[in-house]
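Just so you know, these numbers use all the heavy atoms, side chains as well, and skip hydrogens, waters and symmetry mates. The sequence lines fix the lettering, A, B, ..., with proteins before strands; numbering per chain opens at 1.
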Amino acid sequence: TFSMNCALNLLVRSGMYDAAVQLFREEGALIPNEFTYGSLIHGLCKAGRLDRARELLEEMKGRGILPGVAVHNGVIKGLCKAGKFGDALEYFKTVAGTRCMPDIITFNILVDALVKSGRVEEAVAIFESMHTSNQWLPNVVTYTTVINGLCKDGKLDRAIELLDLMAGTGCCPNVITYSVLVEGLCKAGRTDKGFSLLREMTKRGFQPDVIMYNTLLNGLCKGRRSDEALELVELMIQSGCHPTVVTYNSLMELFCRSKQVDMAVKLVQVMSERGCPPDVVNYNTVIAGLCRDARLDDARKLLKQMIAARCVPD
RNA sequence: UCAUCAGCUUC
């Protein structure tokens, strides 16, 4: 059963949800447990197959396996992702009525769902009410989620305040917290303030990761600050972070927008040579750049190249 | 020892 669960997790993690369910169905000899169903329900929810997830939920109950809070959280997350926040709340209430108590993750999922649907003040309200409870004190994920919401809502100063407030709660910001805030600053055109946050973070002993670098790089690229952008890429490589498709895409966007589309075209080749094959977004960026410059033949050429490289256009 | 929560790029 343990091995089957591991296999199912692998399939689910690589997006092969149908294969996971199939493997489960064909395996009659092993007794599924709560983890087995948990993985499958999680996978189905991620794939948007909520109906099938509900069926499995009933099936596990029918076999006498009680779904724990992790399984319920998976369902709630799935409902939220499908935009059915009302259903998620209702489900949440029915769960709360049983012996199975919601946990901090349940609340984090709901707060994030509110943020993602633009209902930031409601998210903040839940977040504040969590402070007055003893069992669901906000953790670093909660703080990061709310900071993200405030940034997306254009309330940067409140976001920064919240970061400062964390220090006093014994709940330390991590690299994700910082990069959320750095992204907010960059998007608001305050990339330099983003860099000072990076320094603050480094001082506190955290190493920036690829996403942090990509976030700052994108800020520089959007501001057409080519020299600093290229310097930053140097720095990230020196500190052991390998550029990703996202890194290259920010650079491509920069080149496309600063009359150097040929450089962007060249990057398609460069990145492959460096062991990072371009994805559909990279091709889209450069094709769009060529089209903007009315170089339709080159765009067509690149599209062909993309298909030859087995990258599916969207 | 296995399942559930937050961050980056084009449109």
Side-chain angles (χ1 to χ4, degrees), chain A residues 1-13 20 32-46 53 56 60 65 67-78 80-81 102-113 115-116 123 127 136 138-149 151-152 173-184 186-187 194 208-219 221-222 236 241 243-254 256-257 264 278-289 291-292 313-314:
Chain A
T1 299
F2 174 68
S3 314
M4 169 175 64
N5 290 348
C6 289
L8 290 176
N9 284 330
L10 279 178
L11 290 171
V12 165
R13 247 183 304 184
N33 59 17
E34 188 189 346
F35 293 113
T36 319
Y37 279 102
S39 301
L40 289 170
I41 289 173
H42 173 222
L44 289 167
C45 285
K46 261 173 92 177
L56 275 181
M60 75 184 284
I65 307 167
V69 64
V71 174
H72 293 307
N73 286 342
V75 175
I76 291 174
K77 170 92 179 159
C80 288
K81 254 188 73 183
D103 62 6
I104 178 71
I105 295 185
T106 320
F107 279 92
N108 288 344
I109 292 170
L110 294 174
V111 170
D112 186 54
V115 163
K116 297 261 156 73
F127 166 69
W136 302 300
N139 62 15
V140 60
V141 176
T142 327
Y143 274 97
T144 305
T145 307
V146 173
I147 289 175
N148 188 29
C151 287
K152 298 274 144 74
N174 60 23
V175 189
I176 301 187
T177 319
Y178 279 104
S179 48
V180 164
L181 201 42
V182 165
E183 186 200 348
C186 288
K187 294 259 156 80
D209 65 5
V210 195
I211 296 189
M212 178 57 123
Y213 280 118
N214 284 344
T215 304
L216 285 160
L217 177 68
N218 195 245
C221 290
K222 284 274 147 64
M236 77 185 273
C241 280
T244 65
V245 285
V246 176
T247 317
Y248 287 107
N249 203 65
S250 293
L251 292 173
M252 288 166 166
E253 185 69 15
L254 168 68
C256 286
R257 299 269 176 198
D279 70 3
V280 59
V281 177
N282 296 123
Y283 284 107
N284 286 346
T285 302
V286 182
I287 289 172
C291 290
R292 266 192 303 270
D314 60 7

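- Contacts of A:Asp314 with the nucleic acid, taken as non-hydrogen atoms under 4.0 Å apart, are absent.
- The side chain of A:Ile211 sits closest to B:G7 out of B:G7, B:U4, B:U9.
- Atom CG in A:Leu8 sits roughly 13 Å away from atom P in B:U4 (whole-Å rounding).
- The aromatic rings of A:Phe107 and A:Trp136 sit tilted, their planes meeting at an angle between 30° and 60°.
- Among the atoms of the strands shown, only primed sugar atoms or phosphate atoms (P, OP1, OP2) are found under 4.0 Å from some heavy atom of A:Arg257.
- Residue A:Thr144 is classed as a base contact, given a heavy-atom separation below 4.0 Å to a base.
- The two residues A:Cys80 and A:Leu110 make their nearest non-hydrogen contact at SG-CD2, 4.3 Å.
- In this structure, A:Val175 reaches the bases: a heavy-atom distance under 4.0 Å links it to at least one base atom across the strands shown.
- Here the side chain of A:Met212 is nearest to one of B:G7, B:U9, B:C5, namely B:G7.
- Within the structure, a side-chain polar atom (N or O) of A:Lys222 is placed less than 4.0 Å from OP1 or OP2 of B:U10.
- Of the candidate nucleotides B:U9, B:G7, B:A3, B:A3 has the atom nearest to the side chain of A:Asn9.
- A straight line from CG of A:Asp279 to C1' of B:C8 spans 13 Å, rounded to a whole angstrom.
- Put simply, CG on A:Leu216 is 12 Å from P on B:U9, counting in whole angstrom units.
- Among the atoms of the strands shown, base atoms are found under 4.0 Å from some heavy atom of A:Val71.
- Among the heavy atoms of the strands lying under 4.0 Å from A:Lys116 are primed sugar atoms or P, OP1, OP2 only; no base atom is included.
- Taking atom CG of residue A:Asp112 and atom P of nucleotide B:A6, one finds them 6 Å apart after rounding to whole Å.
- The A:Asn33 side chain lies nearest to B:C2 when the options are B:C2, B:U4, B:G7.
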Determine, stepwise, if the pair A:Val146 / A:Val115 fulfils side-chain contact (heavy atoms from CB on, under 4.5 Å). CA-CA 7 Å; A:Val146 173; A:Val115 163; 5.8 Å; no
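- Comparing B:A3, B:C5, B:U4 against the side chain of A:Val141 picks out B:C5 as the nearest.
- If you check B:G7, B:A3, B:C8 against the side chain of A:Glu34, the one that comes closest is B:A3.
- Atom CG in A:Leu181 sits about 18 Å away from atom P in B:A6, given to the nearest Å.
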Please lay out, stage by stage, how A:Thr247 and A:Tyr213 fare under the test side-chain contact (heavy atoms from CB on, under 4.5 Å). CA-CA 8 Å; A:Thr247 317; A:Tyr213 280 118; over 6 Å; no
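- A:Lys187 comes within 4.0 angstrom of the backbone, heavy atoms only, and of no base.
- Rounded to whole angstrom, the span from the CZ atom of A:Arg292 across to the P atom of B:U10 amounts to 11 Å.
- No engagement by A:Met4 is indicated, since no non-hydrogen atom pair under 4.0 Å with the nucleic acid exists.
- Comparing B:A6, B:U10, B:U1 by their closest approach to the side chain of A:Asn174 singles out B:A6.
- A:Thr36 pairs in a side chain to side chain donor-acceptor pair (under 3.5 Å) with only one of the listed residues (A:Thr1, A:Asn5, A:Asn9), which is A:Asn5.
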Kindly indicate, with the supporting measurements, whether the criterion side-chain hydrogen bond (donor to acceptor under 3.5 Å, both in side chains) is fulfilled by A:Asn73 and A:Lys77. CA-CA 6 Å; A:Asn73 286 342; A:Lys77 170 92 179 159; over 6 Å; no
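- Remark: P of B:U9 and CG of A:Asn284 are 15 Å apart, rounded to the nearest angstrom.
- B:A3 atom P lies 15 Å from atom CG of A:Leu11, rounded to whole Å.
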